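A quick write-up on the structure given underneath.
Side chains are part of it too, since the values below use all heavy atoms of this structure and drop only hydrogens, waters and symmetry mates. We count ligands from 1, going down the list as the structure has it; atoms in each ligand are counted the same way. Bear in mind the structure is a predicted one, so any value in this text is a computation, not a measurement.
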Amino acid sequence: MERQDLERNEGRGRVALVTGGASGIGLAVAGVLAGRGWRAVISDIDAARAREAAGPIGAEAVPFDVVDEAATEAAFAEIEGRIGPVEALVANAGLIQPGGRPEDLPMAEFDRIVAVNLRGVYVSCLTAGTRMARRGRGGIVITGSVTAWRTAPLHAYAPSKAAVVHMAACLAAEWGRSGVRVNAVSPGYVATPPLQAAIDRGKRDPRLLTDAAALGRLVEPAEIGHGVAFLLSDDAAAITGINLPVDAGWLAGSHLTT
Ligand code: NAD
């Protein structure tokens with residue numbers, strides 16, 4: 001093993017579970033964590049895609065729906081029994097919303113987005129965090145969004161992201177003395193399948209997304225992984241309750257297009 005790899009063996013074989021890990025950001029995060037010595041486990045509501053995605057990055061697949069408490073509990077029991085205790089959770093599963101006016105958003109769609117993005121994140125955090133607190137150690141990273149800070153015509157999505165970022169701080173205060181750190185990482189725009197589909201349908205203009213970023217580009221999925229890996233590592237031992245933007249300077253540069 002190269003010296004650099006040894007230095008990067010942050011995971012030391014411990015289990016890191018990534019929800020929504022079969023696609024996009026979650027898959028890239030799992031790949032980065034596996035590369036840094038974590039025993040990555042990917043979960044997703046799409047069981048077939050999770051199983052297919054796990055092999056090439058050296059991860060295991062334990063699929064479940066994050067909204068379903070009993071399924072989440074059963075998945076944690078399976079992981080603990082077969083692989084090992086979950087020492088890191090990346091609560092990443094989420095639904096992205098196409099933009100639009102609030103009056104055009106059906107309440108059923110609002111409920112569906114909030115169920116996954118807010119309730120689902122809470123169920124994952126509760127299931128992982130209580131176990132971690134009992135063991136006296138663990139790390140959780142929630143995937144937020146830059147829309148937690150800046151308004152967007154995403155009237156279920158953006159408030160759900162603001163809520164989970166605040167949830168990270170609340171849970172950090174709750175479990176800090178039990179050795180559990182809880183943080184959020186907020187991606188800027190990443191060309192994962194849902195955003196790419198919106199671009200392809202002409203619903204999002206990629207030039208507007210890149211022009212507003214200080215670095216003049218989108219964020220690569222693996223770059224979110226590096227932010228997550230840092231927050232889970234011992235380098236971040238004194239960091240809890242924060243929301244780290246990994247956004248190619250989108251928050252800093254959004255006046256560039258005005
Ligand atoms: P994606 O659709 O590629 O990945 C999301 C994954 O979550 C999918 O594989 C999906 O099957 C899974 N999922 C959906 N509902 C689930 C459920 N109930 N239980 C378990 N898994 C479920 O999208 P992505 O862009 O990679 O998004 C990942 C996260 O990043 C989301 O929380 C999203 O809000 C956030 N995010 C994305 C961007 C971006 O620009 N792509 C920006 C900010 C935040």
Side-chain angles (χ1 to χ4, degrees), residues 17-32 41-54 59 61-72 74-75 89-99 109 111-125 127 141-150 152 154 156-165 167-168 184-199 203-204 206 208-210 212-213 217-225 227-228 243-248 250-251:
L17 170 65
V18 183
T19 69
S23 172
I25 290 171
L27 181 55
V29 169
V32 168
V41 178
I42 60 176
S43 141
D44 205 282
I45 195 166
D46 188 332
R49 217 149 35 88
R51 292 199 182 94
E52 204 178 302
V62 180
F64 63 92
D65 177 354
V66 293
V67 177
D68 183 335
E69 290 147 81
T72 303
L89 166 73
V90 186
N92 166 80
L95 297 177
I96 293 178
Q97 183 192 354
E109 185 61 1
D111 290 344
R112 197 174 75 91
I113 291 167
V114 170
V116 177
N117 292 12
L118 177 54
R119 189 181 196 281
V121 167
Y122 185 68
V123 171
S124 297
C125 289
T127 311
V141 178
I142 294 172
T143 305
S145 160
V146 287
T147 62
W149 283 281
R150 289 283 156 76
L154 307 166
Y157 179 84
S160 75
K161 289 299 179 179
V164 290
V165 162
M167 187 189 293
V185 156
S186 279
Y189 290 97
V190 189
T192 57
L195 183 62
Q196 193 57 54
I199 292 170
K203 289 235 166 208
R204 301 303 290 257
L208 285 182
L209 304 179
T210 53
R217 65 171 177 86
L218 298 176
V219 181
E220 294 297 323
E223 292 174 320
I224 309 300
V228 170
N243 179 18
L244 175 70
V246 181
D247 66 342
W250 188 86
L251 287 168

- Note on the structure: Between the CG atom in Asp68 and the CD1 atom in Ile45, the distance rounded to the nearest 0.5 Å is 9.0 Å
- Message: Using side-chain heavy atoms (C-beta onward) and a distance below 4.5 Å, is Glu223 in contact with Val190?
- Response: no
- Measuring from Asp65:CG to Asp44:CG, what's the distance to the nearest 0.5 Å? 9.5 Å
- Note on the structure: If we number the atoms of ligand 1 from 1 as shown, the ones under 4.0 Å from a heavy atom of Pro193 are 3 (O)
- Message: Between ligand 1 and Val66, is the shortest N or O to N or O distance under 3.5 Å?
- Response: yes
- Message: Return the closest protein heavy atom for atom 34 (O) of ligand 1 as residue, atom name and distance.
- Response: Tyr157 OH, 2.7 Å
- Per-atom contacts of ligand 1 with Phe64, taking only distances under 4.0 Å to non-hydrogen atoms: 19 (N), 20 (C)
- Message: Using 0.5 Å steps for rounding, measure from the CG atom of Asp46 to the CZ atom of Arg51.
- Response: 10.0 Å
- Per-atom contacts of ligand 1 with Thr143, taking only distances under 4.0 Å to non-hydrogen atoms: 29 (C), 30 (O), 35 (C)
- Query: Can you tell me how far the OG1 atom of Thr192 sits from the CD1 atom of Ile224, to the nearest 0.5 Å?
  - Reply: 9.5 Å
- Message: So if I count the atoms of ligand 1 from 1 in the order they appear, which ones are less than 4.0 Å from some heavy atom of Lys161?
- Response: 31 (C), 32 (O), 33 (C), 34 (O)
- Query: Which heavy atom in Tyr189 sits nearest to a heavy atom in Arg204, and how many Å separate them?
  - Reply: OH-NH2, 3.4 Å
- Message: I need the atoms of ligand 1 closer than 4.0 Å to a non-hydrogen atom of Gly24, numbered in the order shown.
- Response: 3 (O), 26 (O)
- Around atom 20 (C) of ligand 1, find the nearest protein heavy atom and jot down its residue, atom name and distance. Ile45 N, 3.2 Å
- Atoms of ligand 1 close to Ser23 [distance to a heavy atom under 4.0 angstrom, numbered from 1]: 1 (P), 3 (O), 4 (O), 9 (O)
- Message: Check this for me, if you would: do Arg49 and Glu52 make a salt bridge, where the nitrogen-to-carboxylate-oxygen distance has to be below 4.0 angstrom?
- Response: no
- Query: Can a non-hydrogen atom of Ala50 be found less than 4.0 Å from any atom of ligand 1?
  - Reply: no
- Nearest non-hydrogen protein atom, atom 14 (C) of ligand 1: Leu95 CD2, 3.9 Å
- Take every heavy atom of Pro63, measure it against each atom of ligand 1, and state whether any distance is under 4.0 Å. no
- Proximal candidate to atom 40 (O) of ligand 1 [heavy atom criterion; set Val164, Val18, Ile96, Val190]: Val190
- For atom 12 (C) of ligand 1, which of Val185, Thr19, Asp44 has the closest heavy atom? Asp44
- Query: By number and element, which atoms of ligand 1 are closer than 4.0 Å to a non-hydrogen atom of Tyr189?
  - Reply: 40 (O)
- Item | For atom 25 (O) of ligand 1, the protein heavy atom that lies nearest, with its residue and separation | Thr192 OG1, 2.5 Å
- If hydrogens are left out, which of Pro221, Pro245, Gly20 has an atom nearest to atom 7 (O) of ligand 1, that is, the closest non-hydrogen atom? Gly20
- Query: Is any N or O atom of Ile25, backbone or side chain, closer than 3.5 Å to an N or O atom of ligand 1?
  - Reply: yes
- Message: Checking Leu195 against Leu209 for the side-chain contact (heavy atoms from CB on, under 4.5 Å) test, could you report, in this order, the C-alpha distance in whole Å, the side-chain angles of both residues, the deciding distance, and whether it holds?
- Response: CA-CA 11 Å; Leu195 183 62; Leu209 304 179; 4.1 Å; yes
- Note on the structure: When distances are taken from atom 42 (C) of ligand 1, the protein heavy atom at minimum range is Gly188 O, 3.1 Å
- Among Thr147, Asn243, Asp247, Thr143, side-chain hydrogen bond (donor to acceptor under 3.5 Å, both in side chains) partner for Ser186: Asn243
- OH of Tyr157 to OG of Ser160: how many Å apart, nearest 0.5 Å? 7.0 Å
- Message: With heavy-atom distances below 4.5 Å as the criterion, would you say the side chains of Glu69 and Arg119 are in contact?
- Response: yes
- Query: Can you find a heavy atom in the side chain of Leu218 that is under 4.5 Å from one in the side chain of Thr210?
  - Reply: yes
- Which protein heavy atom lies closest to atom 23 (O) of ligand 1, and at what distance to 0.1 Å? Pro194 CG, 3.4 Å
- Which ligand 1 atoms does Arg49 reach within 4.0 Å, using its non-hydrogen atoms? 9 (O), 11 (O)
- Message: For atom 28 (C) of ligand 1, what's the nearest protein heavy-atom neighbour? Residue, atom name and distance, please.
- Response: Asn92 OD1, 3.5 Å
- Query: Do you know the tightest heavy-atom contact between Ser124 and Val66?
  - Reply: OG-CG1, 3.7 Å
- Do Leu89 and Thr19 have side chains that get closer than 4.5 Å, going by heavy atoms? yes
- Task: Around atom 18 (N) of ligand 1, find the nearest protein heavy atom and jot down its residue, atom name and distance.
- Result: Asp65 OD1, 2.8 Å
